[in-house]
Amino acid sequence: MKSKIQNKFKTLFGEGGNLFASAGRINLIGEHTDYNGGYVFPGAIDKGIMAQIKLNGLNKVRAFSLDYNEMVEFGLNEEDKPKQQWACYIFGVCRETIKRGGKVAGFDTVFAGDVPLGAGLSSSAALESCFAFAINELNGNNIDKFELAKIGQSTEHNYCGVMCGIMDQFASCFGKQGCLIRLNCKTLEYKYFPFDPEAAGYKLVLIDSCVKHELASSAYNKRRASCENAAAAIRKYHPEVEFLSDAKRVWLEEVRAEIPEEDFLRAEYVIGEVQRVLDVCDALERGDYETAGEMMYQTHFGMSRLYEVSCEELDFLNKLARKMDVTGSRVMGGGFGGCTINLVKKELYEPFIATAVEKFGEKFGHKPKVIDVVISDGARKVE
């Protein structure tokens with residue numbers, strides 16, 4: 001990928017420029033906890049976006065996407081927003097930097113990515129973080145990493161129409177090789193935890209079902225409303241509960257008769273998931289991957305039975321993993337399709353993958369994609 005970018009850049013824009021990169025992300029555990037003020041536990045991965053960038057002395061950006069084989073030019077004023085969706089990410093990062101008082105000089109760029117699209121690995125956050133980091137460096141703006149993550153998030157909100165949380169951009173900016181990051185989505189406090197499954201005799205692999213069910217967005221909004229309803233009911237008796245993540249399980253039981261059973265089940269999952277993130281962090285500090293894996297199975301059960309965001313394909317992959325003694329497996333992301341994330345002992349890896357691909361193909365008529373991931377660094381300059 002690097003040589004393709006460099007060759008295309010030289011053809012289009014000549015010599016010079018610097019290489020920058022940022023990463024996609026996985027989330028080991030902590031799903032649907034972000035908008036409930038709870039913990040998430042993501043890490044940057046060895047797949048992402050790479051860009052060669054050079055200031056051009058013009059008041060505009062000339063960007064070429066190798067993946068789309070397309071060139072777009074745009075100015076740096078609000079009315080210059082490009083029509084192409086992929087270019088809106090770069091334009092949005094420029095505009096959000098300017099809004100924060102940062103300097104953005106015109107530049108030329110060629111970029112490409114190797115984040116599998118549609119697998120829930122957040123290629124958009126990788127793109128935003130790569131350009132936010134690069135623009136900051138090239139213009140000497142000295143904007144801190146927290147604000148770079150918020151620039152990416154604001155780009156999604158204001159230029160791409162996606163009201164996302166901060167986790168994806170945070171992981172892309174703060175990612176660190178060999179570590180996962182426990183992020184408190186309420187306070188934005190974070191801590192790195194060592195995570196080196198290879199050294200402990202495990203592999204981390206995603207199995208992409210290659211399906212996405214249509215009801216995802218409306219169902220997401222409905223579940224968010226259930227959580228807010230349950231939190232409001234608890235708050236009447238415990239005013240300190242700002243988010244559902246602040247509530248104790250026993251407090252939820254107190255209001256069970258006052259809320260719909262569906263809301264109770266959604267809240268039961270979230271309160272349990274917040275605790276599971278903390279339990280996994282404790283386990284990893286002890287080097288206990290077996291406990292971490294068991295918590296992943298518990299999360300899948302909760303997402304399937306209590307939160308009801310799994311689907312037949314993902315439940316099939318999860319049950320197969322359990323049957324084959326895979327250490328941990330769960331649906332990753334919002335649900336209704338996408339991937340399972342699996343923690344597999346090295347000696348079980350090849351038979352598990354071969355069986356999963358074969359059995360899934362037999363049942364659903366298409367083969368899943370297998371994506372090996374390694375925890376890596378986030379946004380950076382490539383030397």
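These numbers come from a predicted model, not from an experiment.
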Given side chains that start at C-beta, do those of [X] and [Y] come closer than 4.5 Å, heavy atoms only?
X: Phe193; Y: Asp282; result: no
X: Gln275; Y: Asp279; result: yes
X: Ile45; Y: Ser376; result: no
X: Lys99; Y: Asn158; result: yes
X: Val373; Y: Ile371; result: yes

Checking [Y] against [X]: is there a side-chain donor and acceptor pair closer than 3.5 Å?
X: Glu273; Y: Thr299; result: yes
X: Glu290; Y: Tyr202; result: yes
X: Ser226; Y: Asn229; result: no
X: Asp246; Y: His238; result: no

Between the main-chain N or O of [Y] and the side-chain N or O of [X], is there a donor-acceptor pair closer than 3.5 Å?
X: Asn77; Y: Asp80; result: no
X: Thr291; Y: Asp288; result: no
X: His366; Y: Ser209; result: yes
X: Asn36; Y: Ser245; result: no
X: Asp208; Y: Cys339; result: no

Less than 4.0 Å between a side-chain N and a carboxylate O, is that true for [Y] and [X]?
X: Arg322; Y: Glu294; result: yes
X: Glu285; Y: Lys191; result: yes
X: Glu258; Y: Lys236; result: yes
X: Arg25; Y: Asp168; result: yes
X: Arg256; Y: Glu261; result: yes
X: Lys367; Y: Glu358; result: no
X: Lys363; Y: Glu312; result: yes

Under the criterion ring pair (Phe, Tyr, Trp, His ring centres under 6.0 Å), which of Tyr269, Phe336, Phe264 is the partner of Tyr307?
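Considering Tyr269, Phe336, Phe264, a ring pair (Phe, Tyr, Trp, His ring centres under 6.0 Å) with Tyr307 is found only for Tyr269.
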Should the heavy atoms of other residues, nucleotides or ligands under 6.0 Å from CZ of Arg249 be counted, would the total exceed 12?
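Enclosed.
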I'd like to know whether NZ of Lys186 has more than 12 heavy-atom contacts from other residues, nucleotides or ligands below 6.0 angstrom.
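Yes, because the 6.0 Å sphere around NZ of Lys186 holds more than 12 heavy atoms from other groups.
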For residues 325-336, which residue pairs qualify under salt bridge (charged side-chain N to carboxylate O under 4.0 Å, His left out), counting only residues two or more places apart or in two chains?
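Checked against salt bridge (charged side-chain N to carboxylate O under 4.0 Å, His left out) - neighbours excluded - the pairs reaching residues 325-336 are Glu31-Arg330.
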Taking salt bridge (charged side-chain N to carboxylate O under 4.0 Å, His left out) as the cut-off, I'd like each qualifying pair that reaches into residues 129-149, sequence neighbours left out, listed once.
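As it turns out, the salt bridge (charged side-chain N to carboxylate O under 4.0 Å, His left out) pairs with a partner in residues 129-149, which skip direct neighbours, are Arg100-Glu147.
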Mind checking what makes ring pair (Phe, Tyr, Trp, His ring centres under 6.0 Å) contact with Phe91, not counting sequence neighbours?
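Partners of Phe91 by the ring pair (Phe, Tyr, Trp, His ring centres under 6.0 Å) criterion, ordered by chain and then number, come out as Phe74, Tyr159.
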Write out all pairs satisfying side chain to side chain donor-acceptor pair (under 3.5 Å) with one or both partners inside residues 337-348, taking only residues at least two apart or from two chains.
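Those involving residues 337-348 are Glu198-Lys346, Ser329-Asn342, Thr340-Asn342.
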If a pair satisfies side chain to side chain donor-acceptor pair (under 3.5 Å) and one of its residues is in residues 52-66, list it, with sequence neighbours excluded.
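For residues 52-66, and leaving out neighbouring residues, the side chain to side chain donor-acceptor pair (under 3.5 Å) pairs sorted by first residue read Asn56-Asp108, Lys60-Glu73, Arg62-Asp108.
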Assess whether side chain to side chain contact (heavy atoms under 4.5 Å, CB included) is satisfied between Ile375 and Gln177, documenting all intermediate values.
CA-CA 6 Å; Ile375 303 304; Gln177 186 176 352; over 6 Å; no
Considering all heavy atoms, the nearest [X]-[Y] contact:
X: Ile53; Y: Ala134; value: CD1-CB, 3.4 Å
X: Ala126; Y: Gly24; value: CB-N, 3.9 Å
X: Cys227; Y: Leu244; value: CB-CD2, 3.8 Å
X: Val72; Y: Gln84; value: CG2-CD, 3.5 Å
X: Trp251; Y: Ala247; value: CE3-CA, 3.8 Å
X: Lys212; Y: Gly335; value: NZ-O, 3.1 Å

Aromatic contact, Phe20 with Phe131 (centres under 6.0 Å):
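Not close enough - the centres of the two rings lie 6.0 Å or further apart.
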Members sharing [X]'s hydrophobic cluster (side chains within less than 4.5 Å):
X: Tyr349; answer: Val205, Ile207, Tyr297, Phe316, Leu317, Leu320, Met324, Val326, Val344, Leu348, Phe352, Ile353, Val357, Phe360, Phe364, Val370
X: Ile166; answer: Val40, Phe146, Met167, Phe170, Phe174, Ile181, Leu183, Leu188, Tyr190, Tyr192
X: Leu58; answer: none

According to a 4.5 Å side-chain heavy-atom criterion applied to Ile, Leu, Val, Met, Phe, Trp and Tyr, with indirect links allowed, do [X] and [Y] form part of one hydrophobic cluster?
X: Phe64; Y: Tyr89; value: no
X: Val110; Y: Met71; value: yes
X: Ile90; Y: Val382; value: no
X: Phe13; Y: Val104; value: no
X: Ile5; Y: Leu55; value: no

Listed partners of [X] passing side-chain hydrogen bond (donor to acceptor under 3.5 Å, both in side chains), at least two apart:
X: Gln6; result: none
X: Arg224; result: Tyr220
X: Glu15; result: Lys10
X: Tyr39; result: none

Starting from the C-alpha separation in whole Å, work towards a yes-or-no answer on side chain to side chain contact (heavy atoms under 4.5 Å, CB included) for Lys150 and Gln169.
CA-CA 7 Å; Lys150 289 176 183 174; Gln169 291 80 8; over 6 Å; no
Let's go through Glu189 and Arg182 carefully: what are the C-alpha distance in whole Å and the side-chain angles of both, what is the deciding distance for salt bridge (charged side-chain N to carboxylate O under 4.0 Å, His left out) to 0.1 Å, and is it a yes or a no?
CA-CA 8 Å; Glu189 293 174 286; Arg182 187 179 71 196; over 6 Å; no
Evaluate side chain to side chain contact (heavy atoms under 4.5 Å, CB included) for Ser172 paired with Glu128, printing each intermediate quantity in order.
CA-CA 9 Å; Ser172 287; Glu128 291 150 5; over 6 Å; no
Derivation of the side chain to side chain contact (heavy atoms under 4.5 Å, CB included) call for His300 and Asp315
CA-CA 8 Å; His300 186 90; Asp315 286 345; 2.8 Å; yes
